[in-house]
Amino acid sequence: MPAVPNACDDTRNLPGPILAAAGIVAIALTLTAVGYGSPTWTGLCAIASVLCLRFGIGLMIIEHRRVKAAKWRDSARQGRG
């Protein structure tokens with residue numbers, strides 16, 4: 001019977017950092033659109049940057065809490081056994 005992987009073993013959290021990086025790129029696009037004087041593109045890029053940064057950072061926080069809780073559970077199990 002294959003062993004169930006531990007939650008602490010999965011250290012890849014790609015959606016969070018990718019969304020945060022996309023948010024930073026969207027900020028650069030927002031500044032470029034402001035420089036060209038295009039209010040439509042400025043608004044769209046500003047909304048995209050806020051959403052990407054908010055969800056990217058949120059996913060990273062959720063993943064950090066999940067890994068922290070899994071490590072706490074593992075240390076509690078090892079302490080009892």
| Got a sec, which hydrophobics cluster with Leu14, joining ILVMFWY side chains under 4.5 Å apart, including via others? | Ile18

| field | CZ on Arg66 to NZ on Lys71, rounded to 0.5 Å | value | 11.0 Å

Give every donor-acceptor pair under 3.5 Å between a side-chain atom in residues 36-53 and any protein atom, sequence neighbours left out.
from	atom 1	to	atom 2	distance (Å)
Thr42	OG1	Ser38	O	2.6
Ser49	OG	Cys45	O	3.3
Ser49	OG	Ala46	O	2.8

| request: Would you please name every residue forming a side-chain contact (heavy atoms from CB on, under 4.5 Å) with Ile62, sequence neighbours left out? | output: none

| query | How is the hydrophobic cluster of Ile57 composed, in terms of its other members, when Ile, Leu, Val, Met, Phe, Trp and Tyr link through side-chain heavy atoms under 4.5 Å apart, directly or indirectly? | reply | Met60, Ile61

| request: May I ask you to say whether Arg77 pairs ionically with Asp74, meaning some side-chain N is under 4.0 Å from a carboxylate O? | output: yes

